[in-house]
Amino acid sequence: MLLGTVLVLLLAGAAPASAHAALRSTDPDDGSVVRQAPRHVTLTFTESVGLLDDSFRVFGPDQRRVHTGEATHADGRSDTARVGLPGKLAEGTYTVAWRVVSADSHPVSGAFSFSVGKRTATTGQIDTGPAEDPLTRGLYDGARYLAYLAAALLVGTVAFALLCRPAHTAPLRRPLVAAWWALLGSTAVLLLLRAPYEAGTGPAAAFDTSALGRTLTGRPGLALLARLLVLLLTAAFLIGLSRRRDSVKRPVALAIGTVLAAALALTWAAAEHASAGIQVPAAMTSSVAHLLATGVWLGGLVALLLTLRRSSGDDLVEVVPRFSRIAFASVTVLAVTGLYQSWRGLGSLSALSGTSYGRLLLAKLAGVAVLLLVAGYSRRWTARIAAPAAPARAAVPAPVPQPVGATTGGRESAEGPGTGEPGTSGEAESRGEAESRGEPGSPDGSAGPGAGPGDPGIRRRLRRSVLVEVAVAAVVLMITTVLTGTLPSRAEAEAAQQAPVGALPPTTEITVPFDTGTESVTGSGKVLVTLDPARVGENGVQAVVYGTDMGLVAVPEVRITFTLPSREVGPIDAELADRGGYWSTNSVNLPLAGDWTMKTTVRVSDVDQVSVERRVRVEP
């Protein structure tokens with residue numbers, strides 16, 4: 001029931017297409033010349049897309065920004081984006097820059113052009129790839145990695161406790177609680193940073209309530225909300241299990257835990273690469289199985305490491321072999337699902353070395369290979385712990401008949417004093433010493449007398465090998481995090497064939513230092529103002545305030561006005577709106593070319609403010 005609810009919540013409106021949205025077609029067509037000015041610009045993508053406040057920027061033949069309506073989906077289709085144009089457009093070439101969010105949660109952007117009546121020259125060729133704020137991207141990726149790590153530890157620890165059945169679970173409680181809180185915190189951070197990550201703006205935009213509201217209605221936001229819900233249900237399950245441990249039947253606990261773990265994994269699968277592309281149902285099933293197997297294996301390694309440090313030797317005889325079998329099954333699932341996902345993302349073998357996605361995949365495979373080698377070494381010590389002492393004693397050869405005249409009291413024989421049973425007394429002693437050093441007790445490497453769960457040498461070596469496994473697993477998870485945010489090779493090839501390239505006018509950036517004379521943190525600093533495209537007509541303005549430590553700061557008000565002294569025009573108030581840490585507008589009309597005076601007023605309190613003027617060139 002829970003899985004169905006999460007699936008319906010996350011996949012409403014899903015459409016099969018290629019992972020990362022690729023532009024399928026434009027209306028008007030890219031590079032086309034139309035006789036009559038269109039009333040709309042419509043884009044059709046290979047998958048459903050989410051729209052932003054500034055999804056479209058349209059520039060006319062003179063490179064001035066054209067006033068447009070609000071971006072919407074055409075005819076209610078989620079794989080389209082449409083914006084209205086003014087009733088009359090002059091002849092010439094128009095450039096359309098766009099930015100949307102693909103179904104797998106990654107922002108994509110580009111540009112194309114069309115002409116009305118005739119083609120005209122365009123200038124200012126720039127890279128139209130997805131712009132992003134480095135700080136926002138770094139924080140977002142860090143939170144994603146922490147979420148993966150915490151989820152693996154949470155799922156693996158619970159699975160270890162329920163499946164391996166250690167006698168003492170107290171050592172597992174602290175990492176379990178830490179994993180739950182880490183996953184909760186990282187999910188909340190991802191939810192806040194989602195809006196600036198999509199828009200390519202600074203982290204301060206995370207506190208824009210309107211942007212947060214838009215996030216909560218998109219698929220990535222819904223996936224994060226669903227994750228928070230599953231975490232709350234998981235907390236209730238774990239608390240109930242700890243209080244009524246003896247009364248809860250293990251099959252019931254396993255069933256509930258499996259459903260919760262699958263629902264948790266589904267919140268990733270439903271908002272990333274698996275949710276868009278070919279064979280979506282199979283891909284999502286594979287992704288959920290892959291994530292669960294990763295958690296059971298890698299998170300279980302941490303639980304095993306803690307158990308080795310705290311549990312008694314007798315307990316390990318049962319626990320360690322159980323985890324070994326579970327780990328082997330998890331690796332099998334990882335191999336099958338990983339092979340399928342690699343084929344789906346690559347598209348061709350040449351992409352392994354020719355694309356960033358392929359090279360990252362090779363790095364991940366190399367890490368997994370190292371992980372398997374270390375795991376094989378761990379299985380050697382696992383087998384020795386699982387070998388009980390009794391079978392070793394049972395393997396001792398039967399006593400050799402005593403020769404006539406032998407001294408039975410001294411247990412002497414033809415083999416020498418004190419060795420009435422060949423290979424038992426002296427040899428067993430030497431083997432026991434070897435086992436205490438963690439060395440093989442017999443030529444074939446099998447456990448000899450003295451080996452077993454209580455042997456400190458074997459337990460020490462197993463702990464070391466498991467610790468290496470955990471370290472390598474953390475690196476593999478880091479590569480996986482980067483891989484899930486990288487454009488798959490199959491989608492990259494499709495986008496290269498279909499995505500058009502256009503020309504955009506450059507933007508103007510003005511740095512305005514200010515000092516109100518107060519000693520507060522926000523009393524001085526600078527304002528970075530972006531004027532787009534700094535040409536006659538409609539312009540966009542964005543202002544970001546930095547403190548003396550170059551960190552983003554929030555101030556009560558930023559006001560910008562423009563005056564053209566030579567023509568006695570102005571002041572024109574930009575009417576900036578507070579976007580939750582930065583200030584912006586998309587509709588400042590500067591009617592004439594020339595050297596304008598831009599007056600920036602920064603108010604840091606009810607009584608403290610300062611105004612600074614800068615000259616800005618507005619091109620015709």
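All values reported here derive from a predicted model rather than from experimental measurement.
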Can you tell me how far the [atom1] atom of [X] sits from the [atom2] atom of [Y], to the nearest 0.5 Å?
X      : Y      : atom1 : atom2 : answer
Phe323 : Thr307 : CZ    : OG1   : 9.5 Å
Gln341 : Leu361 : CD    : CG    : 10.0 Å
Asp141 : Leu146 : CG    : CG    : 12.5 Å
Leu153 : Leu183 : CG    : CG    : 10.0 Å
Thr80  : Phe45  : OG1   : CZ    : 9.0 Å
Leu139 : Leu192 : CG    : CG    : 11.5 Å

Judged by atom type as modelled, is there a donor-acceptor pair below 3.5 Å linking the side chain of Ser287 to the main-chain atoms of Ala283? no
Would you say Arg250's side chain and Leu162's backbone share a donor-acceptor pair under 3.5 angstrom? yes
Given Leu254 and Leu163, is the side-chain contact (heavy atoms from CB on, under 4.5 Å) satisfied, shown in steps? CA-CA 8 Å; Leu254 281 173; Leu163 296 175; 3.5 Å; yes
Given side chains that start at C-beta, do those of [X] and [Y] come closer than 4.5 Å, heavy atoms only?
X      : Y      : result
Pro175 : Leu306 : yes
Val319 : Arg165 : no
Val302 : Thr157 : no
Leu191 : Leu225 : yes
Val155 : Thr294 : no
Trp583 : Val541 : no
Leu52  : Val100 : no
Val476 : Lys364 : yes

State, to 0.1 Å, how close [X] and [Y] come at their nearest heavy-atom pair, and which atoms those are.
X      : Y      : answer
Val296 : Ser330 : CG1-OG, 3.5 Å
Leu51  : His73  : CD1-N, 3.8 Å
Ala179 : Leu154 : CB-N, 3.8 Å
Ser286 : Tyr340 : OG-CD2, 3.6 Å
Leu467 : Leu305 : CD1-CD2, 3.7 Å
Ala363 : Ile479 : O-CD1, 3.9 Å

Phe112 and Trp98 aromatic centres sub-6.0 Å: no
Using the ring centroid of each side chain, check whether Trp297 and Phe328 are separated by less than 6.0 Å. no
CA sep, side-chain torsions, deciding dist, call: Leu224, Thr267, side-chain contact (heavy atoms from CB on, under 4.5 Å): CA-CA 7 Å; Leu224 293 172; Thr267 64; over 6 Å; no
Is the Tyr140 ring parallel, tilted or perpendicular to the Tyr197 ring (thresholds 30°, 60°)? parallel
Within 45 degrees of the axis of the six-membered ring of Trp268 and under 6.0 Å from its centre: does Arg227 put its NZ or CZ there? yes
Can you confirm whether the side chains of Thr72 and Arg82 place a donor and an acceptor under 3.5 Å from each other? no
Assess whether side-chain contact (heavy atoms from CB on, under 4.5 Å) is satisfied between Leu184 and Leu228, documenting all intermediate values. CA-CA 7 Å; Leu184 182 71; Leu228 292 175; 3.5 Å; yes
Show your reasoning for whether side-chain contact (heavy atoms from CB on, under 4.5 Å) applies to Val158 and Phe160. CA-CA 5 Å; Val158 176; Phe160 184 89; over 6 Å; no
Salt-bridge present (Arg77, Asp79; N to O < 4.0 Å): yes
A quick test of your reading: do over 12 heavy atoms of other residues, nucleotides or ligands sit less than 6.0 Å from CD of Glu557? yes
